[in-house]
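Some notes on the structure that comes next.
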Amino acid sequence: MKKVMTAPHIILGDRPLELPISKANKGFYVQILTKIDDQLRAMLSHHCKVLVFRVDLHLHNQSSDNQVMTTFIKRYRKRLQKGLGLSRVGYVWCREQDKANKHHYHLAVMVDGNKHQRAGKLISLIKYYWDELHIGKTSVLKKCYVIVRRDNEEAYQLAFGRICYLAKVYSKSPSQRNASANDYEGSRIKHKEAT
């Protein structure tokens with residue numbers, strides 16, 4: 001059973017972080033918040049600034065597993081690493097289904113902010129690969145990205161606040177997926193050892 005946080009803030013590591021008001025006041029899953037924080041910290045341990053952005057991925061057809069997301073992430077990461085020279089691609093995604101008859105995904109991506117300061121090209125590649133798989137459509141928020149510098153707590157909070165939406169309890173129902181299918185997943189970027 002996942003732990004739920006309904007308080008207006010959470011302490012992850014040694015960092016107190018504010019949480020927005022959750023949808024229907026149902027709170028946020030602590031495990032997903034922890035994954036978001038862990039991967040953002042890991043990226044910042046390697047890069048002095050990180051570009052963080054979020055997109056939503058909708059499906060044409062319902063699926064009881066996440067194979068489509070696994071395939072998509074694999075292709076997308078490979079393109080960013082080989083085609084754009086990004087040595088690390090951090091990400092967290094979540095699977096949700098509200099009242100619609102099909103589920104959708106929210107995806108947060110984290111890359112070296114020294115190589116990319118804007119998300120436009122990276123989002124275009126997401127649209128290309130999602131469409132290439134004939135899966136569905138993408139949607140992008142107006143303020144979908146932020147640059148986080150390593151020692152800028154305000155920017156860290158802004159990025160965390162925008163992508164903690166992925167951790168919301170509302171619309172994550174285990175009855176709409178296989179028991180073995182996760183409702184979230186993320187990269188496994190290791191933290192750089194301090195020198």
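Quick caveat: nothing in here was measured; it's all calculated off a predicted structure.
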Please tell me whether Asn66 and Arg95 have a donor and an acceptor in their side chains that are separated by less than 3.5 angstrom. yes

Do Val50 and Ile147 make a side-chain contact, defined as non-hydrogen atoms from C-beta onward lying under 4.5 Å apart? no

Does a donor on one side chain and an acceptor on the other come within less than 3.5 Å for His58 and Ser139? yes

Side-chain donor or acceptor of Arg79 paired with backbone N/O of Leu125 under 3.5 Å: no

Where do Leu59 and His103 come nearest, in terms of heavy atoms and distance? CD1-NE2, 2.9 Å

Verify, without hydrogens or angle tests, whether Gln157 (side chain) and Leu17 (backbone) share a donor-acceptor contact under 3.5 angstrom. no

Pairing donors with acceptors under 3.5 angstrom, does anything connect the side chains of His104 and Gln97? no

Is there a side chain to side chain contact (heavy atoms under 4.5 Å, CB included) between Thr138 and Val55? Walk through the geometry before answering. CA-CA 7 Å; Thr138 58; Val55 296; 5.6 Å; no

Enter the distance from Leu80:CG to Arg88:CZ here, rounded to the nearest 0.5 Å. 14.0 Å

Strictly under 6.0 Å, is that where the ring centroids of Tyr184 and Trp93 end up? no

For the residue pair His9 and Pro16, establish whether any side-chain heavy-atom pair is separated by less than 4.5 Å. no

Would you indicate whether the side-chain heavy atoms of Phe28 and Val4 approach each other to under 4.5 Å? no

Whether Glu185 side chain and Asn182 backbone form a donor-acceptor pair below 3.5 Å: no

Under 3.5 Å, is there a donor on one side chain and an acceptor on the other for Thr71 and Gln67? yes

Assess the side chains of His106 and Glu96: does a donor N or O sit below 3.5 Å from an acceptor N or O? yes

Side chain to side chain contact (heavy atoms under 4.5 Å, CB included), that's the test. Do Val111 and Leu122 meet it? Break it down for me. CA-CA 10 Å; Val111 300; Leu122 304 173; 3.8 Å; yes

Are Lys23 and Val169 close enough that some pair of their side-chain heavy atoms sits under 4.5 Å apart? no

Please answer whether the main-chain N or O of Gly85 pairs with a side-chain N or O of Lys115 as donor and acceptor at a distance below 3.5 Å. yes

Quick one: is the NZ or CZ of Arg15 closer than 6.0 Å to the six-membered ring centre of Tyr156, and within 45° of its axis? yes

Which atoms form the tightest heavy-atom contact between Cys144 and Ile123, and what is the distance? SG-CD1, 3.6 Å

At their closest point, which heavy atom of Cys164 faces which heavy atom of Leu19, and how far apart are they? SG-CD2, 4.2 Å

Looking at Tyr29, does the NZ or CZ of Lys2 lie under 6.0 angstrom from its six-membered ring centre and within 45 degrees of the ring axis? yes

Correct closest heavy-atom pair for Val92 and Leu166 would be O-CD2, 3.3 Å

Under 4.0 Å between a Lys/Arg side-chain N and an Asp/Glu carboxylate O for Glu153 and Arg150? no

Where do Ser45 and Lys192 come nearest, in terms of heavy atoms and distance? OG-N, 2.8 Å

Thr34 versus Ile10: any side-chain heavy-atom pair under 4.5 Å? no

Shortest non-hydrogen pair, Asp112 vs Met43, comes out as N-CE, 4.1 Å

If I take atom CG from residue Leu86 and atom CG from residue Leu51, how far apart are they, to the nearest 0.5 angstrom? 9.5 Å

Taking the side chain as C-beta and beyond, is there a heavy-atom pair between Arg162 and Tyr145 under 4.5 Å? no

Any side-chain heavy atom of Met110 sitting closer than 4.5 Å to one from His47? no

Under the 3.5 angstrom rule, does the side chain of Lys74 hit a backbone N or O of Met69 as a donor-acceptor pair? no

Can you tell whether the side chains of Arg41 and Asp14 come within less than 4.0 Å, N to carboxylate O? yes

Output for pair (Lys3 NZ, Leu33 CG), nearest 0.5 Å, gives 11.0 Å

Give a yes/no verdict on a cation-pi contact between Lys168 and Tyr165, requiring under 6.0 Å between NZ or CZ and the six-membered ring centre and an angle within 45° of the axis. yes

After noting the C-alpha distance and the side-chain angles of Val109 and Val52, does the key distance pass the side chain to side chain contact (heavy atoms under 4.5 Å, CB included) rule? CA-CA 6 Å; Val109 179; Val52 181; over 6 Å; no

Heavy-atom check, side chain of Val148 versus side chain of Phe160, under 4.5 Å: no

Do Glu18 side-chain atoms and Gly161 backbone N/O form a donor-acceptor pair below 3.5 Å? no

